[in-house]
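Presented below is the structure to which this report refers.
These figures come from a predicted structure and were not determined experimentally.
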Amino acid sequence: MLFKRLVNGLEVFALVATAWTVLLLFTAQPPVSGDPVQDDGARIFAARCSGCHGAKGQGLSGPQLAGVVAERFPDPADQAAVVANGRNGMPAFGSRLTAEELEAVVEFTRTRLGS
């Protein structure tokens with residue numbers, strides 16, 4: 001009887017946690033700026049990068065980008081190469097993003113997260 005109550009409690013917890021996660025996914029959309037490159041970059045960053053670098057580039061399992069990415073990569077082409085080819089624990093996105101998407105996410109991190 002106690003085991004069944006524990007299992008039922010865990011099922012309810014899992015259901016609530018799943019619902020909360022789905023809700024956060026749909027409400028945590030990046031802001032629209034009106035600039036298509038920035039908006040694409042924000043969308044790509046939210047979908048592909050924020051899980052490791054944080055929603056605001058503050059760093060999680062990946063390094064902080066906010067305020068420091070332009071210092072670390074004075075040449076945007078060097079940053080684009082890291083995003084495309086990966087480095088250390090970061091996966092390569094060159095085969096997952098088009099050239100335009102790669103440029104948009106680099107531009108977004110340098111301008112919207114960079115300051």
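Contact record, Cys49 with Val105: SG-CG2, 4.0 Å, taken as the closest heavy-atom pair. Ala84 and Ala92 make their closest contact through O-CB, 3.2 Å (heavy atoms, listed as atom of the first residue, atom of the second, distance).
Not counting sequence neighbours, the partners of Asn85 by the side chain to side chain contact (heavy atoms under 4.5 Å, CB included) test are Ala81. For Asn8, the side chain to side chain contact (heavy atoms under 4.5 Å, CB included) test picks out Lys4, Glu11, with sequence neighbours left out.
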Q: Under the side chain to side chain contact (heavy atoms under 4.5 Å, CB included) rule, what do Met90 and Val83 come out as? Steps first, then yes or no, please.
A: CA-CA 8 Å; Met90 181 173 160; Val83 175; 4.1 Å; yes
Q: List the steps and the verdict of side chain to side chain contact (heavy atoms under 4.5 Å, CB included) for Arg43 and Glu101.
A: CA-CA 10 Å; Arg43 178 186 50 79; Glu101 290 172 326; 4.2 Å; yes
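In this structure the side chain of Phe45 never reaches within 4.5 angstrom of the side chain of Arg112, judged on heavy atoms. The closest side-chain heavy-atom distance from Ile44 to Phe108 is not below 4.5 Å.
Thr109 contributes atom OG1, which lies 3.5 Å from atom CD of Gln79 (distance to the nearest 0.5 angstrom). Atom CD of residue Gln58 and atom CG of residue Leu113 lie 9.5 Å apart, to the nearest 0.5 angstrom.
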Please set out all donor-acceptor pairs under 3.5 angstrom arising from side-chain atoms of residues 59-76, sequence neighbours excluded.
from	atom 1	to	atom 2	distance (Å)
Gln64	NE2	Ala66	O	2.7
Arg72	NH1	Gln64	O	2.5
Asp75	OD1	Ala77	N	3.0

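Judged by the 6.0 Å distance and 45° axis criteria, Arg96 is positioned over the aromatic ring of Phe93.
The backbone N or O of Thr98 sits nowhere less than 3.5 Å from a side-chain atom of Glu100 that would complete a donor-acceptor pair.
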